[in-house]
Asker: 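One structure coming up, written as structure tokens, with questions to follow.
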Amino acid sequence: MLVRSALPSVRRGPQRDAGRPRGAALRRRAPALLGAALALLLGCSGAAQAPAARPARVVKTPPAQPKAPEGPPLLPAQVVAELEDEDATPYLARRGDEALLLYAAGGRWRTRVIGADGAPRGDVVDAGPAAADVPVAALRAGPQGYIAAWIEQIGGSRAVRALALDPAGKPVAPASPVAQTAEEITWLDVLPNAKGALVLWEMPREAQGDVDRVDVVMTVLAQDKGAAIKPTAPASVAREVLGWNAVATERGAAVALVLPPAAPPPRAQGKAARKGDAEDAVEAAKLGSVSLVEIDAAGKVSAPVAVSPEPTAQIDLEIAEVGGRYLLTWTDERDIDSAVYLAAAEPGGKVVVAPRQATPPSGEQALVSLVAPPAGAGGRALLAWEDVLRPRGDGGVEAGGAGRLIHLASVGPDGALGAERAALVFSASGPPDLTADGDGFAAVTLAPATLKAARDAAAAPPIWPTFVRFGPDLSVRAAEPVRAAPFAATGGVPYLVRGLSCHKGACATLASAAAGAGAQQGGAQQGGAQQGGAARAAGAAGAAGARAPLALVSLPVRESAWRAPAFREDRDPPPRATAVRALAEGDPLAKVAAAELDGGAALAAWVTYFVEGASDGAPRGQDLSATLAVRAASPGGLGKLNVLSQKASSLGGVAIATAPPAPADPKGKGGAAQGESVIAWVARERGETQVYVTKVDATGAKIAQKKLTTAPRKKQGGAASEASDVAIAYDGAGGFIVAWVDTRDGNAEVYAARVDRALNRTAPDRRITNAPLDAAEVQIAVRGQEAWLVWSDARPAGDAAGAGAAGGEATGDVFFARLDAKTLQRIGDEARLHASPEHSRSPVLAPHEGGVLVGWVDEPAADGAAAGGGAAAGGGAGGRARLLRLDNGGAMQGPPVTIEGPDGASVSSIALACDKACRGVLASAPGDSVALSAFTLAPGEAAAPPLKPLAWLTGSASRDVSPALAGRSGASLFFADDAVSGSGRVRWMTIAWP
């Protein structure tokens with residue numbers, strides 16, 4: 001197998017990106033998978049019993065490299081051949097303690113036997129003519145030696161040929177023609193069995209719409225002892241399928257198929273209708289159901305058995321035989337987020353493990369590979385997948401640098417994953433090279449190469465091919481960069497690494513140099529690569545016709561000074577995300593709010609982003625605006641999606657508060673059996689906005705709804721007044737206090753009102769602020785008999801609360817006020833919590849026993865929202881978060897604590913929750929994406945807390961993800977995440993805290 005870097009690699013001849021994800025995963029990952037999709041695996045797996053995965057496992061060393069670390073020894077290696085083309089593909093197959101190498105040189109196929117020690121045995125054998133254009137080939141160990149098959153392009157036709165080789169690599173007879181056609185043949189594999197072998201290949205059919213389909217064709221290779229192989233006439237295995245994968249068995253082969261749907265799949269619960277539905281329908285046509293067929297040694301094909309009837313599977317289907325059962329796995333899109341599914345079937349087709357999600361929900365997932373132990377060896381398989389919303393490869397100290405994180409877990413015949421989890425850093429597209437290694441597993445990846453003792457963290461490490469050997473518990477047994485003496489001209493680092501294989505605890509991989517950069521006299525350099533790409537180019541230019549040395553590099557278990565690009569994930573200390581799940585998908589989101597219920601459940605409410613006059617989606621005669629929806633989430637699953645209104649205002653936002661069960665009256669009547677929640681929001685009707693309150697039960701179903709404000713909004717000769725930025729809190733006495741920002745008196749000011757459980761007003765609208773400029777983003781918390789408000793206010797420096805920003809400019813600071821919870825009369829003066837030349841916005845409140853923790857975002861005023869203009873969509877450059885403690889009397893306890901974004905990234909928003917300690921989630925924008933990081937703040941702690949990565953989101957950095965922690969424990973986080981396709985998703989993350 002081959003693992004290749006992110007540099008694109010285009011192989012000669014027709015290709016089909018058979019391993020690429022479909023649907024949302026395809027849209028997300030297509031650029032990263034381009035190289036892998038165009039470079040198909042050409043059959044160099046060392047595991048004879050299983051077909052290779054389609055994407056190429058090639059590690060290609062990047063051409064420009066920083067100075068390499070010095071000191072560690074090189075790996076043992078033997079030069080086994082010289083290649084005429086540095087990108088030519090050699091093939092290696094193991095048979096017992098020996099292996100056979102097959103490659104093309106001088107228009108001939110060449111073979112060479114490799115001993116158990118990795119050294120060549122005997123001379124190179126001429127195995128017959130090789131066509132000039134062989135796009136795909138395969139080599140497998142068979143019952144009497146080895147069998148090779150390949151595709152030839154001859155003029156305008158395609159041909160499949162097969163060649164039987166004895167254990168010494170000598171051809172038993174000339175290559176046999178298997179099939180010839182004027183149509184395309186894009187891929188093939190050899191599947192040995194106890195009586196011979198099957199050759200399967202695929203032929204693309206005319207796409208139906210935008211959907212590729214292929215026919216799967218086979219032939220039986222019969223071979224009498226010592227005689228030439230006799231292929232049968234080609235026969236069909238399956239017609240016009242979306243994708244397929246096969247595994248060799250003692251009985252013949254098992255083939256997993258992705259069959260096209262007969263009808264579009266139903267919309268998943270939580271997926272709202274939107275403009276992109278036509279595009280989604282096209283993507284849905286690329287999904288299919290999963291079936292299984294078996295082929296016996298004589299070529300008889302069984303009837304298909306439905307494994308997963310739902311037409312929701314992507315084409316990245318894999319199959320392996322483990323413990324006498326077939327394991328099938330694929331990326332599935334039956335829910336909002338794509339997920340890795342797994343099923344198991346017995347020989348004969350009986351499904352014994354129904355399709356189920358293989359891992360806990362973690363946002364969008366994509367299957368990477370399934371690696372089985374050697375045939376007859378028992379043991380467990382290895383499942384590899386990728387989580388889009390997980391921290392990248394710099395999340396652990398052991399990881400040694402940035403890159404994709406490939407997650408690993410063992411899986412048994414029952415389809416259950418082991419508790420041990422590992423992560424492998426892969427700084428390239430496509431999949432890493434993985435194989436079984438005795439009772440464990442081995443990998444070759446591309447990752448930053450750093451020494452354990454390295455102190456200069458600022459220096460960028462070189463990106464090198466590196467091997468990792470895992471124990472049965474996925475602990476790292478050994479790890480080193482692949483560096484060997486035959487590649488001395490480039491500091492020991494090869495140009496390409498491929499063909500990882502293991503046998504009886506010994507692992508090795510093929511590695512090749514670029515032409516003209518081969519072995520040099522005098523041994524290997526112990527130093528660095530020093531611009532290896534330039535050295536290769538110069539060497540190639542100065543050595544016309546030079547060949548590329550091919551070596552077999554041993555990968556021993558030994559003490560190493562190198563930092564492993566892998567680590568045990570289940571030992572990752574908290575805080576960490578334990579699960580991520582999507583609640584809804586539809587239009588982009590403007591605001592998310594959440595409240596905790598009993599039993600670990602929560603309610604999430606959200607309002608979508610809607611621009612007046614920019615939508616043409618409303619039916620004639622209907623006045624639609626933003627959508628307001630709510631959904632319950634609990635450890636037992638998700639509740640029904642409840643759409644409360646399609647006339648909401650995005651600027652109005654949404655807030656939710658929960659009251660305990662109502663007490664019964666003296667006669668024992670009138671009590672509520674469960675708590676009730678009230679949602680505050682703003683409706684837009686006939687161009688006017690008013691504040692509404694809606695009472696819902698624990699499922700999110702509407703119980704009652706009332707209009708809270710009736711202020712006249714229309715003005716002659718000017719813009720109508722607006723209500724926005726709602727907030728709500730339970731008052732502790734059977735009612736709710738609602739706060740919002742209103743422009744009914746000219747500029748934006750903070751207002752408040754009080755309602756009882758029946759949503760009847762018990763206190764009139766009360767104007768809280770009176771300042772010359774605008775207020776925004778009010779938040780509320782109740783402390784005993786008081787209601788505490790914080791908001792961002794653009795009043796000039798020195799106004800109402802002492803000195804402010806330098807120069808007297810109105811940049812926006814966070815203000816604080818205390819109200820009597822019953823009358824809403826202000827208690828004392830307003831207070832400016834922090835005077836700053838920056839624009840302070842997006843305040844949040846987290847009550848605790850000793851008072852309240854206030855948090856907000858500071859960003860340069862020029863990059864943020866205009867003064868008083870509300871929340872910015874994403875942080876401006878240099879944005880940071882500040883935390884400030886207020887005691888039970890509302891007095892400030894020390895200066896604010898400043899939290900910078902990771903690696904200087906701009907902070908866009910913050911969520912807080914306090915119990916015995918305070919916990920927070922920070923959203924920041926490193927580059928073009930959004931990252932979520934967690935922190936804890938102990939009582940009395942004055943220093944900035946360290947950040948721990950939680951997730952990288954799929955949405956753009958230009959949007960605020962509106963994170964909201966439900967309850968005081970902070971165990972549930974709800975946030976918005978815009979998918980690459982443009983749809984908005986509400987996500988629920990559960991977090992394990994220290």
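Keep in mind that this is a model prediction, so the values were computed, not measured.
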Asker: What are the two closest heavy atoms between A781 and A729, and how far apart are they?
Answerer: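 Result for this residue pair: CA-CB, 4.5 Å.
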
Asker: Over all heavy atoms of both residues, which pair between A911 and P963 is shortest? Give the atoms and the distance, please.
Answerer: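 Distance-wise, the nearest heavy atoms are CB-O, 3.6 Å.
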
Asker: Provide the closest heavy-atom pair for T689 versus V682 in the form atom of the first, atom of the second, distance.
Answerer: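 Nearest pair, atom of T689 first, then V682: CB-CG1, 3.6 Å.
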
Asker: Is it true that E838 and R880 have a side-chain N and a carboxylate O under 4.0 angstrom from each other?
Answerer: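 Result for this pair is yes, salt bridge flagged.
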
Asker: Would E777 and R841 count as a salt bridge (Lys or Arg N to Asp or Glu O under 4.0 Å) here? Give the steps.
Answerer: CA-CA 8 Å; E777 303 174 289; R841 62 170 181 83; 5.3 Å; no

Asker: Nearest 0.5 angstrom please: L824 CG to R826 CZ, how far?
Answerer: 13.0 Å

Asker: With distance as the sole criterion, is a donor-acceptor pair present between the side chains of T762 and D756 under 3.5 Å?
Answerer: no

Asker: Run through D725, D765, V750 and flag the one making a side chain to side chain contact (heavy atoms under 4.5 Å, CB included) with W740.
Answerer: D765

Asker: In this structure, which one of L950, L947, V907 forms a side chain to side chain contact (heavy atoms under 4.5 Å, CB included) with S933?
Answerer: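 The passing option is L947.
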
Asker: Using side-chain heavy atoms (C-beta onward) and a distance below 4.5 Å, is R757 in contact with Y730?
Answerer: yes

Asker: If you compare all heavy atoms of W791 against all heavy atoms of V778, which two are closest, and at what distance to 0.1 Å?
Answerer: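 Nearest pair, atom of W791 first, then V778: CB-CA, 3.8 Å.
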
Asker: Enter the distance from K702:NZ to N642:CG here, rounded to the nearest 0.5 Å.
Answerer: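 That separation rounds to 10.0 Å.
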
Asker: Does some side-chain heavy atom of R754 sit less than 4.5 Å from a side-chain heavy atom of D731?
Answerer: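 Contact flag for D731/R754 side chains = yes.
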
Asker: Is a donor on one side and an acceptor on the other found under 3.5 Å between the side chain of S650 and the backbone of A590?
Answerer: no

Asker: How long is the span from the CG atom in D858 to the OG atom in S842, to the nearest 0.5 Å?
Answerer: 10.5 Å

Asker: Carefully, step by step, assess T578 and T990 under the rule side-chain hydrogen bond (donor to acceptor under 3.5 Å, both in side chains).
Answerer: CA-CA 6 Å; T578 56; T990 54; 2.7 Å; yes

Asker: Ignoring hydrogens and angles, state whether a donor on the side chain of S962 or D960 is under 3.5 Å from an acceptor on the partner side chain.
Answerer: no

Asker: Can you name the ring-ring contact (aromatic ring centres under 6.0 Å, His included) partners of W681, sequence neighbours left out?
Answerer: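 For W681, the residues satisfying ring-ring contact (aromatic ring centres under 6.0 Å, His included) (neighbours in sequence not counted) are Y692.
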
Asker: Is there a donor-acceptor pair closer than 3.5 Å between any side-chain N or O of K948 and the backbone N or O of P575?
Answerer: yes

Asker: Distance alone, cut at 3.5 Å: any donor-acceptor contact between the side chains of S840 and S792?
Answerer: no

Asker: Is the shortest side-chain heavy-atom distance between E941 and V897 below 4.5 Å?
Answerer: no

Asker: Let me confirm one number: the CZ-CZ distance from R783 to R818, rounded to the nearest 0.5 Å.
Answerer: 11.5 Å

Asker: Please determine if R919 and D915 form a salt bridge, counting it only when a charged side-chain N lies under 4.0 Å from a carboxylate O.
Answerer: no

Asker: If you take all heavy atoms of I737 and A821, which pair is closest and at what distance?
Answerer: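 Heavy atoms of I737 and A821 come nearest at CD1-O, 3.5 Å.
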
Asker: D774 side chain to N747 main-chain N or O, any donor-acceptor pair under 3.5 Å?
Answerer: no

Asker: Looking at E585 and I336, would you say the former's side chain and the latter's main chain have a donor-acceptor pair under 3.5 Å?
Answerer: no

Asker: Under 3.5 Å, is there a donor on one side chain and an acceptor on the other for T743 and S721?
Answerer: no

Asker: Looking at L651, I want to see if its CG is surrounded by more than 12 non-hydrogen atoms of other residues, nucleotides or ligands under 6.0 Å.
Answerer: no

Asker: Should the pair R985 and F975 be classed as cation-pi, given the thresholds of under 6.0 Å to the six-membered ring centre and 45° from the axis?
Answerer: no

Asker: Looking only at side chains, do R684 and S625 share a donor and an acceptor under 3.5 Å apart?
Answerer: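 Note: R684 and S625 side chains miss the donor-acceptor criterion.
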
Asker: Using residues 604-611 as the side-chain source, report each donor-acceptor pair under 3.5 Å to any protein atom, sequence neighbours left out, with the distance given to one decimal.
Answerer:
unit_1, atom_1, unit_2, atom_2, d
T608, OG1, T627, N, 2.8

Asker: Please set out all donor-acceptor pairs under 3.5 angstrom arising from side-chain atoms of residues 965-974, sequence neighbours excluded.
Answerer:
unit_1, atom_1, unit_2, atom_2, d
R968, NE, C914, O, 3.1
S969, OG, A971, N, 3.3
S972, OG, W988, NE1, 3.1

Asker: For D337, is there an ion pair with R987 - N to carboxylate O distance below 4.0 angstrom?
Answerer: yes

Asker: Taking side chain as C-beta onward, heavy atoms only, is R882 less than 4.5 Å from H834?
Answerer: yes

Asker: Of all heavy-atom pairs between A976 and L589, which one has the smallest distance, and what is that distance?
Answerer: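 Here A976 and L589 meet closest at CB-CB, 3.6 Å.
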
Asker: Should D793 and R795 count as an ion pair when the cut-off is N to O under 4.0 Å?
Answerer: yes

Asker: Taking the side chain from T769 and the backbone from E749, do they hold a donor-acceptor pair closer than 3.5 Å?
Answerer: no

Asker: Supply the atom-to-atom distance L853 CG to L883 CG, rounded to the nearest 0.5 angstrom.
Answerer: 5.0 Å

Asker: Using a strict 4.0 Å threshold on nitrogen-to-oxygen distance, state whether E722 and R713 make a salt bridge.
Answerer: no

Asker: W856 pairs by side chain to side chain contact (heavy atoms under 4.5 Å, CB included) with which of I910, V844, L884?
Answerer: L884

Asker: So for atom CD, which belongs to Q893, do other residues, nucleotides or ligands contribute more than 12 heavy atoms lying within a distance under 6.0 Å?
Answerer: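 Enclosed: over 12 neighbouring heavy atoms sit under 6.0 Å from CD of Q893.
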
Asker: Counting only heavy atoms not in N888, do more than 12 sit closer than 6.0 Å to its CG atom?
Answerer: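 Yes, enclosed.
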
Asker: Is a donor on one side and an acceptor on the other found under 3.5 Å between the side chain of D820 and the backbone of Q825?
Answerer: no

Asker: Mind checking the CG-CG spacing from D745 to N770? Nearest 0.5 Å is all I need.
Answerer: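 That separation rounds to 8.5 Å.
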
Asker: Is the backbone of A711 close enough, under 3.5 Å, to the side chain of Q690 for a donor and an acceptor to pair up by distance?
Answerer: yes

